[in-house]
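To start, the structure itself, in structure tokens.
Proteins get letters first, then strands, A, B, ... in listed order; numbering begins at 1 in each. Computation of the quantities below employed the complete heavy-atom set of this structure, encompassing side-chain atoms and omitting hydrogens, waters and symmetry-equivalent molecules.
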Amino acid sequence: MHRWSELFIPTLREAPADAEVASHKFLVRAGYVRQLAAGIYSYLFMGQRSFNKIMNIVRQEMDTIGQEFFLPAIHPRELWEESGRWTVMGQNMFRLKDRKGAELALGMTHEEVMTDIARKELRSYKQLPQIWYQIQTKFRDEPRPRSGLLRVRQFIMKDSYSFDIDAAGLDVSYKKHYDVYCRIFDRCGLKYMVVEAHSGAMGGSLSHEFMVRTPAGEDLIVSCEKCNYAANMEKATSQLEAVDDLKPEGDGKPLLVHTPGQKTIEDVARYLGVSPKNKIKTLALMANEVDGKSGKAKPRAVILLMRGDHQMNEAKLSSAVGGLETRPMQEEEIVALFHSPAGFLGPIGIDWAKSLDDGDKPILIVDEALKGRKNLISGANKQDYHVKNVTPEGSFHPTAYADLRSVVAGEACPNCGAPLRIDTAVEIGHIFKLGYKYSESMGTRVLDRNGKEVMPIMGCYGIGIERILTAIVEQNNDENGFWLPPQVAPFEVVVVPTNVSDDKIRTTAEDIAHRMEAAGFEVLLDDRDERPGVKFKDADLVGIPFRVNVGKKVTEGTVEVVQRSTREMRDASISAITEYFQNLLRPAL
RNA sequence: CGGGGCGUAGCGCAGCCUGGUAGCGCACCUGCCUUGGGCGCAGGGGGUCGUAGGUUCAAAUCCUAUCGCCCCGACCA
């Protein structure tokens, strides 16, 4: 029997001053967690019970498609050098040395370790497919931990990895994860959405994120009001309304116009009496290209053209340039390439690369929204001058077209045309087709049915355990506290005798708690000698979905059952209390 | 890493400007009282004022350095 009087449930009347988001405030106030350092938390009794229940759900569902492992948290440097991520991960990886001076890292994720097992053990297509998973602590030295448990430096993740003989096999493993993730989040009582995600620079072909809408979220997701279209901001697109092109002026060839002192898009558009939609925005960047052979970084100019009223999206840019790092050009670099000061840049008159591999020539990437447009206005690469009659493919030739533009709320859904909305959200799960990256770099090979050596194709799949709890709290709270669904709550029912000095009330509460526990319910008996108000406030705070008030009505043979989420209160018969909760919590049985 | 803010009792805060050896509410302990929404009364315990150095007869208070935490931004396969 769990007696509140004997447990450590340190509830607080006030939240710590540095807690901002609801889940942080309430998980601390409810005595679930305590902070040890920035982004590092201790999980106390109530928190740990809840995490255990969440992990059990994850484990049960994952066991239907995969096998549970438990891998080390400490990894040798050499392993991460093989995949190339020892350097790629940079400051985000916690690193340490052992007494002999050997370098180690705390695992941020486990592709390397899993792949190491795979390459050493897997020999034949007959051993595939495999899905291996674990529930393990991950370490990431986040530049800025924040929002309580939402962005931390040590956290629990369920991560799994699939190995398949071919892309069709990966499709199956991927789909299995997709379905299992839906079941897991459904069982956790979450309202979530699945969005197409930016698959990164690592050659991944497909990726979905499982997102929970909440103001506390750090990610932006775009979704359609009408159809089921949903995508990460980094991936989202929209239908654009057609724009009327300007009429050609003069002979239709590029025409120099004097625009003294007019530098910004708005200035120029106003000065020339046109819409920014007919103006080309020129963004000048430098990318750091790493030479495959020498390993040396060399700068390469990357110029972007966008419609005047559009905003560039960093992640889309990153995809467009194959993951190269970019930075804005310095003034001297701009002058060197365009022979013009910033503010009057344009694509005309420069020898652009024909492809990304075209020597050292500057790269010109043009946003899809400019494809097919005519008679635009761009800078003239000359102080105080712009050019009219600029037409892609006619006046200049892009290296490539790409989607570079950030979607704006209210634009039309690419599927159905209804308005799109943009919300902040928390990522609770991510599934990802990895492809051959690790098989390739770390040398995993098996023989196919023809006896030929082939690389297995991989997928990786993650769920943030803490984020499930925090997302639920973000979704289910009011001014008094929060409520968890019974499947993930530390207790299903809290039994509250209003006055433990009253023998009848106390013994009835004891009896109810014992009978319910015997019937298989997770019950917390609040046997503290406190005033009812104190106990009710605490009961409301700590996330338990049902409360049984044992009070004066015991003389009538009844108690009150309160549903935390709705505040709905009903009388229930003391003698039939276990049946009451059977119907409520175990309806199938 | 850039910008801002904060470190005084378990939690929330005042005191600092104008130096004189630390206070309030809640929590905690004891007793009485009370028992349906954080009751009441009385008594009590607890703080090297983040740390180190400096100025001064005297530093929570002024100066310097440093550490930590929070927020905004950058970053986040």
Side-chain angles (χ1 to χ4, degrees), chain A residues 8 10-21 24-25 28-29 31 34-41 80 83-93 108-112 138 140-148 150-153 155 157 159 197-204 207 209 217-220 232 234 314-315 318-319 323 325 327-328 426-427 430-435 437-438 441 458-462 464 479-481 496-502 505-506 526 528-541 547 549-554 559-560 562 567 569:
Chain A
F8 183 62
T11 58
L12 298 175
R13 190 180 291 229
E14 292 172 280
D18 51 23
E20 293 270 320
V21 300
H24 187 196
K25 288 179 183 167
V28 172
R29 281 191 58 202
R34 286 293 184 266
Q35 183 173 6
L36 180 64
I40 302 177
Y41 285 81
W80 282 73
S83 67
R85 296 208 296 177
W86 179 261
T87 47
V88 170
M89 286 309 179
Q91 296 287 105
N92 266 6
M93 187 150 70
M108 312 174 66
T109 171
H110 282 74
E111 281 83 358
E112 281 82 359
K138 303 285 192 252
R140 295 184 187 180
D141 194 1
E142 292 287 344
R144 186 149 97 76
R146 67 183 117 183
S147 305
L150 280 177
R151 183 160 218 85
V152 289
R153 296 194 292 171
F155 59 97
M157 183 186 228
D159 51 319
H198 175 59
S199 45
M202 297 306 190
S207 172
E209 288 173 344
E218 301 182 308
D219 293 322
L220 290 174
N232 191 306
E234 302 163 353
E314 299 273 354
S318 171
S319 297
E325 265 187 47
R327 58 167 174 82
V426 169
E427 177 187 352
H430 196 166
I431 58 178
F432 196 87
K433 288 189 179 176
L434 271 180
K437 174 178 161 58
Y438 295 90
S441 60
M458 290 176 62
C460 70
Y461 317 87
E479 65 281 3
N480 294 310
V496 183
T498 56
N499 181 358
V500 294
S501 305
D502 183 316
I505 288 174
R506 191 187 67 248
D526 189 355
R528 294 176 299 169
D529 184 10
E530 290 283 358
R531 296 176 58 84
V534 172
K535 300 213 259 188
F536 291 158
K537 286 286 186 192
D538 270 345
D540 284 350
L541 174 63
R547 178 173 96 208
N549 290 340
V550 183
K552 295 186 187 112
K553 292 179 191 165
V554 291
V559 291
E560 294 156 353
V562 182
R567 289 286 165 110
M569 182 155 79

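- Residue P497(A) is classed as having no contact, given no heavy-atom separation below 4.0 Å to the nucleic acid.
- When heavy atoms are screened at a 4.0 angstrom cut-off, R547(A) is found touching base atoms of the nucleic acid.
- Taking atom P on both U30(B) and C71(B), the two are 38 Å apart, rounded to the nearest angstrom.
- Where A19(A) and R528(A) meet RNA chain B, the nucleotide closest to each residue was compared, and R528(A) sits on the side nearer the 5' end.
- With rounding to whole Å, K535(A) atom NZ is found 15 Å from C39(B) atom C1'.
- In the set G38(B), A74(B), A77(B), A74(B) carries the atom at the smallest distance from any side-chain atom of P143(A).
- The R531(A) side chain lies nearest to U35(B) when the options are U35(B), C71(B), A77(B).
- Residue T498(A) places no side-chain atom within donor-acceptor reach of the base of U35(B), judged by atom type and a 3.5 Å distance cut-off alone.
- One C1' atom belongs to G45(B), the other to A9(B), and the distance between them is 11 Å to the nearest Å.
- One interatomic measurement links the two molecules: CD of E530(A) to C1' of C29(B), which rounds to 14 Å at whole-angstrom precision.
- OP1 and OP2 of C11(B) both lie 4.0 Å or more from every side-chain N or O belonging to R29(A).
- One C1' atom belongs to C49(B), the other to C6(B), and the distance between them is 14 Å to the nearest Å.
- A9(B) atom P lies 15 Å from atom CG of L12(A), rounded to whole Å.
- Looking at the side chain of M89(A), the nearest of the listed nucleotides C70(B), U35(B), A77(B) is A77(B).
- Comparing atom distances between the F536(A) side chain and each of G37(B), A77(B), C72(B) picks out G37(B) as nearest.
- At the phosphate of C71(B), OP1 or OP2 sits under 4.0 Å from a side-chain N or O atom of R144(A).
- Note on S147(A): only backbone sugar-phosphate atoms sit closer than 4.0 angstrom, heavy atoms only; bases stay farther off.
- Counting to the nearest Å, the C1' atom of C75(B) and the CZ atom of R153(A) are 15 Å from each other.
- Separating the CG atom of D538(A) from the P atom of G36(B) is a distance of 17 Å, rounded to the nearest angstrom.
- Spacing between C26(B) and A42(B) at atom P, rounded to whole Å, works out to 12 Å.
- Across N92(A) and P143(A), no two heavy atoms sit closer than the pair OD1-CD, 3.6 Å.
- In this structure, the CD atom of Q91(A) is 10 Å from the C1' atom of C1(B), given to the nearest Å.
- Of the two residues contacting RNA chain B, namely Q35(A) and L541(A), the nearest-nucleotide position lying further toward the 5' end is that of L541(A).
- Nearest to the side-chain atoms of N499(A) among the listed nucleotides G12(B), G36(B), U35(B) stands U35(B).
- Taking every heavy atom of both residues into account, L541(A) and L12(A) meet most closely at CD2-O, 4.1 Å.
- The side chain of N549(A) lies closest to G36(B) when the candidates are G37(B), G36(B), C11(B).
- A straight line from NE2 of H24(A) to C1' of C70(B) spans 10 Å, rounded to a whole angstrom.
- In terms of heavy atoms, G551(A) sits closest to T498(A) at CA-OG1, 3.5 Å.
- The side chain of P532(A) lies closest to G36(B) when the candidates are G36(B), G38(B), C71(B).
- Distance from the side chain of E20(A) is smallest to C71(B) among C39(B), C71(B), U35(B).
- Within the 4.0 angstrom heavy-atom criterion, base atoms lie near K552(A).
- Each of G38(B), A77(B), C71(B) was ranked by its minimum atom distance to the side chain of C460(A); first place goes to A77(B).
- Judged by distance alone, the side chain of R153(A) and the main-chain N or O of D141(A) form no donor-acceptor pair under 3.5 Å.
- Residues D219(A) and N232(A) have side chains not in contact (no heavy-atom distance under 4.5 Å, counting atoms from C-beta outward).
- Spacing between atom CD of E142(A) and atom P of G73(B) amounts to 15 Å, rounded to whole angstrom units.
- Nearest to the side chain of R146(A), among G12(B), G36(B), C71(B), sits C71(B).
- R146(A) places a side-chain heavy atom less than 4.5 Å from the side chain of E218(A).
- Contact annotation: R13(A) side-chain N/O to A27(B) OP1/OP2 distance is under 4.0 Å.
- Counting any heavy atom pair closer than 4.0 Å across all strands shown, E560(A) reaches a base atom.
- Between the side chain of K535(A) and the main chain of R528(A), a donor-acceptor pair closer than 3.5 Å is present.
- A gap of 14 Å separates the P atoms of G23(B) and G44(B), to the nearest Å.
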